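Here the structure is a predicted model, which is why all the values come from computation and not from measurement.
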Amino acid sequence: MDAWIGLDIGGTKCAAVCALPGETPVIVDKIRFETAKCSGWQSVLGALSDAVKTLSARNAAHILGIGISCGGPLNSRRGRILSPPNLPGWDDVPIVDYFTEKFGVPVFLQNDANACAVAEWKFGAGKGCRNMIFLTFGTGLGAGLILDGKLYSGTNDMAGEVGHIRLAQDGPIGYGKHGSFEGFCSGGGIARLAAQMYAQYSGDTVLSADNLTAKSVADAAERGDAFAKSVYHACGKRLGQGLSVLIDILNPERIVIGSIFSRSGHLLRETMQEELEKEALSLAASVCQIVPAELGESIGDYAALGVLVSGLEEIKND
């Protein structure tokens with residue numbers, strides 16, 4: 001059978017998937033392993049290469065191409081990974097050349113936020129859009145931009161680093177900056193925001209100072225804890241402010257938000273919407289839907305496949 005291969009590379013784990021080509025690829029097989037079990041990038045690429053061979057053999061697959069999703073920074077045009085913080089020692093790694101030489105098929109590389117944006121655009125909540133923003137809203141806050149029907153990655157793959165926008169002069173640190181969008185709207189940011197608010201809170205709460213995480217606060221908010229709800233309301237307000245900036249500048253038709261928003265968006269929407277109504281241009285906001293991501297835990301697999309689909313389309317259109 002003809003098959004597409006997707007490789008998802010992370011600091012904790014790596015995965016290789018085999019999929020049947022189509023408008024929405026059908027994943028038929030997958031191999032995962034812990035990144036730390038390999039010693040250095042050469043070892044990881046070797047393990048991924050072995051995984052591709054195994055997938056090909058046990059599925060009688062004729063490989064048509066390979067898409068790779070990896071944390072940045074990287075150079076997608078040159079196909080090289082450039083020292084990501086979660087992959088120590090991966091300095092100027094020629095990953096596209098490596099897999100092209102191994103398998104003799106088209107190989108494409110994108111950073112994970114861009115790859116996830118393409119996946120949600122091609123296969124998920126952004127399907128049918130020409131102008132879409134994807135926000136990770138997980139460990140950190142990054143964005144992938146689909147503008148005029150194609151991925152926009154910027155001059156050197158740095159487009160979409162919206163987590164660095166400063167929303168307040170003071171506030172939780174995210175992206176190395178007090179009061180940044182990521183500082184308020186990420187897993188770590190919510191934990192730090194809760195800690196700051198807890199220090200000034202005098203009411204009753206089921207939470208304690210040594211158990212303030214995005215999940216524990218969300219769980220408490222679901223049970224009606226007033227303090228926990230106030231943390232998510234504060235986060236929702238900053239989310240609305242950040243989204244307003246993006247809406248005013250980029251005029252998207254849809255903003256797709258992953259991870260924490262997919263699980264806990266109902267805790268954020270009220271104050272998010274209040275800020276959007278105050279801050280965003282009404283004509284731009286009126287045409288923009290804000291929706292949770294659809295691909296869930298499978299997004300890493302579909303992200304890598306989306307990179308391949310997007311790359312093959314570029315070749316076809318050139």
**Student:** Indicate the atoms forming the closest heavy-atom contact of A125 with P292, along with that distance.
**Tutor:** CB-O, 3.6 Å
**Student:** Indicate if V28 and L295 have the same hydrophobic cluster label, given that clusters are the connected sets of ILVMFWY residues with side-chain heavy-atom separations under 4.5 angstrom.
**Tutor:** no
**Student:** Which residue, D91, D92, N75, forms the side chain to side chain donor-acceptor pair (under 3.5 Å) with R80?
**Tutor:** D92
**Student:** Please determine if R269 and E274 form a salt bridge, counting it only when a charged side-chain N lies under 4.0 Å from a carboxylate O.
**Tutor:** no
**Student:** Could you name each residue pair satisfying side-chain hydrogen bond (donor to acceptor under 3.5 Å, both in side chains) that touches residues 34-54, not counting sequence neighbours?
**Tutor:** none
**Student:** Might you point out which heavy atoms bring P172 and R192 nearest each other, and give the distance in Å?
**Tutor:** CB-CB, 3.9 Å
**Student:** Any side-chain heavy atom of V256 sitting closer than 4.5 Å to one from E294?
**Tutor:** no
**Student:** Can you check whether F261 reaches I290 side chain to side chain, under 4.5 Å on heavy atoms?
**Tutor:** yes
**Student:** Do L48 and I68 share a hydrophobic cluster (ILVMFWY, side-chain heavy atoms under 4.5 Å, transitive)?
**Tutor:** yes
**Student:** Under the 3.5 angstrom rule, does the side chain of S310 hit a backbone N or O of G306 as a donor-acceptor pair?
**Tutor:** no
**Student:** Rounded at 0.5 Å granularity, tell me how far OG in S264 sits from OH in Y232.
**Tutor:** 4.5 Å
**Student:** With side chains defined as the heavy atoms from C-beta onward, is the minimum distance between D29 and V17 less than 4.5 Å?
**Tutor:** no
**Student:** Can you give the donor-acceptor pairs under 3.5 Å from side chains of residues 209-222 to other protein atoms, not counting sequence neighbours?
**Tutor:**
{"from": "D210", "atom 1": "OD1", "to": "S208", "atom 2": "OG", "distance (Å)": "2.6"}
{"from": "T213", "atom 1": "OG1", "to": "K215", "atom 2": "N", "distance (Å)": "3.4"}
{"from": "T213", "atom 1": "OG1", "to": "S216", "atom 2": "N", "distance (Å)": "2.9"}
{"from": "T213", "atom 1": "OG1", "to": "S216", "atom 2": "OG", "distance (Å)": "3.1"}
{"from": "K215", "atom 1": "NZ", "to": "D219", "atom 2": "OD2", "distance (Å)": "2.9"}
{"from": "S216", "atom 1": "OG", "to": "N211", "atom 2": "O", "distance (Å)": "3.0"}
{"from": "S216", "atom 1": "OG", "to": "T213", "atom 2": "N", "distance (Å)": "2.9"}
{"from": "S216", "atom 1": "OG", "to": "T213", "atom 2": "O", "distance (Å)": "3.2"}
{"from": "E222", "atom 1": "OE1", "to": "H266", "atom 2": "NE2", "distance (Å)": "3.3"}
{"from": "E222", "atom 1": "OE2", "to": "H266", "atom 2": "NE2", "distance (Å)": "2.6"}

**Student:** Between R238 (side chain) and C185 (backbone), is there a donor-acceptor pair under 3.5 Å?
**Tutor:** no
**Student:** Measuring from atom OG1 of T205 to atom NZ of K229, what distance do you get when rounded to the nearest 0.5 angstrom?
**Tutor:** 12.0 Å
**Student:** Show, in sequence, the C-alpha distance, side-chain angles and deciding distance for F103 and I66, and conclude whether the side chain to side chain contact (heavy atoms under 4.5 Å, CB included) test is met.
**Tutor:** CA-CA 9 Å; F103 296 99; I66 298 172; 3.9 Å; yes
**Student:** Rounded at 0.5 Å granularity, tell me how far CD in Q273 sits from CG in L268.
**Tutor:** 12.5 Å
**Student:** Answer whether the closest heavy-atom distance between the side chains of Q110 and V118 falls below 4.5 Å.
**Tutor:** no
**Student:** Write down the atom of L74, the atom of I81, and the distance for their closest heavy-atom approach.
**Tutor:** CB-CA, 3.9 Å
**Student:** Is there a donor in the side chain of N114 and an acceptor in the side chain of S153, or the other way round, less than 3.5 Å apart?
**Tutor:** no
**Student:** Taking all non-hydrogen atoms of both residues, which atom of A228 and which atom of L207 are closest, and how far apart?
**Tutor:** CB-CD1, 4.0 Å
**Student:** Counting distance only, does the side-chain N/O of H178 pair as donor-acceptor with the main-chain N or O of D170 below 3.5 Å?
**Tutor:** no
**Student:** Any side-chain heavy-atom pair from E277 and E275 closer than 4.5 angstrom?
**Tutor:** no
**Student:** Backbone N or O of G174 within a donor-acceptor pair of the S180 side chain at under 3.5 Å?
**Tutor:** yes
**Student:** With a 4.5 Å cut-off on side-chain heavy-atom distances among I, L, V, M, F, W and Y, is there a chain of contacts connecting V231 to I257?
**Tutor:** yes
**Student:** So, the side chain of E182 versus the backbone of G140: is there a donor-acceptor pair under 3.5 Å, distance only?
**Tutor:** no
**Student:** Under 4.5 Å between side-chain heavy atoms, counting indirect links through other Ile/Leu/Val/Met/Phe/Trp/Tyr residues: same cluster for I5 and I9 or not?
**Tutor:** yes
**Student:** Looking at L305 and G6, what are the two nearest heavy atoms and their distance?
**Tutor:** CD2-N, 3.8 Å
**Student:** Quick check against the 3.5 Å criterion: does D225 have a side-chain atom that pairs as donor or acceptor with the backbone of V206?
**Tutor:** yes
**Student:** Donor-acceptor pair, T136 side chain versus G142 backbone, under 3.5 Å?
**Tutor:** yes
**Student:** Tell me if a side-chain donor or acceptor on R130 pairs with a main-chain N or O of D148 at a distance below 3.5 Å.
**Tutor:** yes
**Student:** Under a plain distance cut-off of 3.5 Å, with no hydrogens placed, do E120 and Y302 share a side-chain donor-acceptor pair?
**Tutor:** no
**Student:** Nearest 0.5 Å, what's the CE-CD1 distance between M1 and I63?
**Tutor:** 9.5 Å
**Student:** Checking K127 side chain against W121 main chain: does a donor-acceptor pair fall under 3.5 Å?
**Tutor:** no
**Student:** Would you list the pairs meeting side-chain hydrogen bond (donor to acceptor under 3.5 Å, both in side chains) in which at least one residue belongs to residues 244-254, sequence neighbours left out?
**Tutor:** R254-Q289
**Student:** Measure the spacing between CD1 of I190 and SG of C235 and express it to the nearest 0.5 Å.
**Tutor:** 4.0 Å
**Student:** Kindly indicate whether the side chain of L7, heavy atoms from C-beta on, has any atom under 4.5 Å from the side chain of S69.
**Tutor:** no
**Student:** Please check: side-chain N/O of N111 versus main-chain N/O of A113, any donor-acceptor pairing under 3.5 Å?
**Tutor:** yes
**Student:** Indicate whether the side chain of S76 and that of D157 have a donor and an acceptor atom separated by less than 3.5 Å.
**Tutor:** yes
**Student:** Grouping I, L, V, M, F, W and Y whenever their side-chain heavy atoms are under 4.5 Å apart, do W4 and V107 come out in a common cluster?
**Tutor:** no
**Student:** Classify the angle between the aromatic ring planes of Y198 and F227 as parallel (below 30°), tilted (30 to 60°) or perpendicular (above 60°).
**Tutor:** perpendicular
**Student:** Quick one: does I95's side chain get under 4.5 Å of L109's, heavy atoms only?
**Tutor:** yes
**Student:** Is any side-chain heavy atom of C18 less than 4.5 Å from a side-chain heavy atom of K30?
**Tutor:** no
**Student:** For the residue pair G154 and A159, what are the closest heavy atoms and their distance?
**Tutor:** N-CB, 3.6 Å
**Student:** Looking at CD1 of I247 and CG of L276, how far apart are the two atoms once the value is rounded to the nearest 0.5 Å?
**Tutor:** 5.0 Å
